[in-house]
Protein chains: 2
Amino acid sequence: MSKSKRLMDLMMTVNRKKKFTVKELATEFNVSTRTILRDLQELSELGVPLYSEVGPHGGYQVLNERILPPIAFTEEEAVAIFFACHALRHYAYLPFETESSSALSKFYFYMSGDVRDRIDEMKNRIDFVIPSRQAKFPYLSILLDGAIRQKVIRIEYESREGVSARLIQPVGIYASSGLWYCPAYCFLREDIRLFRCDRIRSAAEDSSGTQPLDLRHLYLGNREALLPSEQELTSLYVELTEEGVHRCEAEHWSATKLHRREDGTGWLEGSMPKGDIPFLAQFFIGLGAEATVQHPPELIDNIKRRLAEMMERYG
Amino acid sequence: MSKSKRLMDLMMTVNRKKKFTVKELATEFNVSTRTILRDLQELSELGVPLYSEVGPHGGYQVLNERILPPIAFTEEEAVAIFFACHALRHYAYLPFETESSSALSKFYFYMSGDVRDRIDEMKNRIDFVIPSRQAKFPYLSILLDGAIRQKVIRIEYESREGVSARLIQPVGIYASSGLWYCPAYCFLREDIRLFRCDRIRSAAEDSSGTQPLDLRHLYLGNREALLPSEQELTSLYVELTEEGVHRCEAEHWSATKLHRREDGTGWLEGSMPKGDIPFLAQFFIGLGAEATVQHPPELIDNIKRRLAEMMERYG
DNA sequence: TGTATTTGTGACAATAGTTGTCACTATTAT
DNA sequence: ATAATAGTGACAACTATTGTCACAAATACA
């Protein structure tokens, strides 16, 4: 095996192993320890952050960095990766410790001139906007860690009724239009609940010894499907103007219920839990003349009551 | 210079140049053409997609791939890049020709085992949600290209009044909560307008010979600041409950106007163009009891009129 | 305190790889 | 035809790589 090839392999091997001894590698690569020592020195000079300790239980270690072997990306792929990372700058809070900007500048730095030019041209011409928020999300890493390692987390949560302490076991976290949410099993309510992370006033791993549940079968993708809806259902029918259709497209919950006509108008039709009436009433009021609720009567009543209240407030 | 080092350099050089001859490289690297030929063959074996043609004007070419030299990413950086790209899968339409998934799988494939494990653990525990839409955005690349190369584009645009043909010169494109928008100079209105890309029925480079304007000073980041607002202004004051504050945080336009009290409630205060009254009226109606408009009277009147209309509609 | 384990350095000879030169062949645009 | 280009093979000169050995230094552990 040629030296260059061995060096590449060595790079990958040490990255995989993290910790190793010279003798180990010598056996693996069928060369002498002296050669491996020389190779490691060379890798060091090429930028692989190696660290070694002498003595029994000593050996080599690769520090926090990981080296990727030469990867071939097409120009389009490189550009897509760049802008994907670029979009992360809109998030003031992320569950990763590092700033994505450091990865971005490395990526940018190593790219060949013409790809770099292409990116420069596009930089001010394309963007993935996420609403910027004043809200703070200091506990994302703790929640994510709790979800991954199936830990119970003690939080102080600010709900409408005030701040309360709760034990939760996170299913995961997700960002949606600039806010972070954490679906989690709540030991207080004994059910899955959705928490808005900026309303969490404190979070730490629980030390009271509450046994975590086995929720490995639950994850972000399926948590909705697995939750048995015990609520009473009723049917929904709403007429929509063209603009109303466009507005409803934005809503997750309406995706399965939305129908369109050829002229652009449409309607919502499907079943809904009765507990959603307050939310839906306020939502359809927000659509104004673009939506006309025709069923259920309870929803129409709720809307009328809300309208009357507002009329009164504005005298 | 050692052979391994020369090979690495060569890799970068051929990536930069795309097209080159053996003689050229021999001069650049101060070695014989025979050596370069042997090196190129070796690069080929290492996976660099080289292609050559003999004869005058012949030479070597690198095919569409780009090779990145070994880049050191920290584990955190690699994870951040992965999830940034992962988030792109929510976009059914992108202005890049390639799927980001191919870049993603390459990235994933080359990552060392423990980073891969880490990603697998996190995959179902963290997400950047973007509302999925039924809307279609087939002309993103044309619009982006128009913005980059300062071209005039002819579009058919569906507005409330029907479909009309227009000449526009795009400033850029951006995605916001699942929809793509294109701010552009409109030759019909003779001003900057914002177009929703799913309402563009057709788009192609203009062939009528309309001279593009020099809009290079305009880009996504500054277009708002440069637009002179000629509208009449009035002052806005709105009381907000705690929930109202949270809801307003989501809105771009309210960021500079939002104030909070220690108890969590707050208010909106600032100036607004009178033309925004219809939009704001509908918006505050959507907030229901969480917002109480106190100024301007025109806005309150508009809200009352809308409420009355809705009351009537729901009998 | 001694011993085993581990990194690390230097020297040297044997071996293996690299390089340049030269003489060719083949293709193709002009 | 001619010039420009890639491509191959052989060989000698040169350079780099490798293994071996000797030895230094640190450290855990019995």
Side-chain angles (χ1 to χ4, degrees), chain A residues 1-67 69-70 72, chain B residues 1-67 69-70 72:
Chain A
M1 190 197 286
S2 79
K3 193 193 170 189
S4 350
K5 175 127 183 32
R6 194 180 61 234
L7 279 178
M8 298 263 188
D9 278 13
L10 206 55
M11 231 184 222
M12 290 189 244
T13 305
V14 301
N15 278 319
R16 205 182 57 240
K17 293 196 141 165
K18 281 202 284 204
K19 201 156 192 293
F20 53 89
T21 67
V22 174
K23 212 183 211 170
E24 237 175 270
L25 293 183
T27 318
E28 195 171 327
F29 283 88
N30 275 312
V31 290
S32 69
T33 58
R34 187 69 183 87
T35 303
I36 292 291
L37 272 167
R38 282 190 275 240
D39 286 354
L40 288 176
Q41 188 174 330
E42 208 159 328
L43 282 191
S44 232
E45 281 158 15
L46 282 172
V48 183
L50 293 174
Y51 167 79
S52 65
E53 267 180 359
V54 296
H57 309 299
Y60 267 88
Q61 273 176 270
V62 191
L63 298 186
N64 62 356
E65 307 261 327
R66 293 284 174 279
I67 307 298
Chain B
M1 193 196 286
S2 78
K3 191 191 173 192
S4 349
K5 176 127 184 27
R6 194 180 61 234
L7 279 178
M8 299 266 186
D9 277 13
L10 207 55
M11 230 184 221
M12 291 187 246
T13 305
V14 303
N15 278 318
R16 203 183 60 239
K17 295 196 136 162
K18 282 201 288 206
K19 201 156 193 287
F20 53 88
T21 68
V22 175
K23 214 184 210 171
E24 236 174 272
L25 293 184
T27 317
E28 196 170 325
F29 283 87
N30 275 312
V31 291
S32 68
T33 57
R34 187 67 182 87
T35 303
I36 291 292
L37 273 166
R38 281 190 275 239
D39 286 352
L40 288 175
Q41 186 173 330
E42 208 159 326
L43 282 191
S44 231
E45 281 158 16
L46 282 173
V48 183
L50 293 173
Y51 167 79
S52 64
E53 268 181 356
V54 298
H57 310 298
Y60 267 89
Q61 274 176 265
V62 192
L63 298 186
N64 62 356
E65 307 261 327
R66 293 280 174 280
I67 308 295

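Below, read A as the first sequence line, B as the second, and so on, with proteins coming before strands; counting in each chain starts at 1.
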B:Glu53 CD to D:dT5 P, straight-line distance once rounded to whole Å
13 Å
Closer than 4.0 Å, any side-chain N/O of A:Thr21 to the OP1 or OP2 of C:dT5?
no
Quick one: closest heavy-atom pair of A:Gly58 and A:Thr21, and the distance?
O-CG2, 4.4 Å
Please report the distance, rounded to the nearest Å, between NZ in A:Lys23 and P in C:dA4.
12 Å
Tell me: CD of B:Glu45 to P of D:dG7, nearest whole Å?
13 Å
Less than 4.5 Å apart, any side-chain heavy atom of A:Asp39 and any of A:Lys3?
yes
Are A:Lys17 and A:Glu28 ion-paired here, with the side-chain N under 4.0 Å from a carboxylate O?
yes
Nucleic acid footprint by protein, nucleotides 15-24 of chain C - heavy-atom cut-off 4.0 Å, B for base, S for sugar-phosphate alone:
---SBBB---
With nearest nucleotide decided by heavy atoms, which residue, A:Pro56 or A:Leu40, maps closer to the 5′ end of DNA chain C?
A:Pro56
Answer whether the closest heavy-atom distance between the side chains of B:Arg38 and B:Arg34 falls below 4.5 Å.
yes
Can you name the side-chain hydrogen bond (donor to acceptor under 3.5 Å, both in side chains) partners of B:Lys23, sequence neighbours left out?
none
Going by the ring pair (Phe, Tyr, Trp, His ring centres under 6.0 Å) test, which pairs reach into residues 8-61 of chain B, not counting sequence neighbours?
B:Phe20-B:Tyr60
Taking CD from A:Glu24 and P from C:dT6, how many angstroms apart are they, rounded to a whole number?
9 Å
Under 4.0 angstrom between A:His57 side-chain N/O and D:dC29 OP1 or OP2
yes
Between C:dT9 atom C1' and A:Leu37 atom CG, what is the distance in whole Å?
9 Å
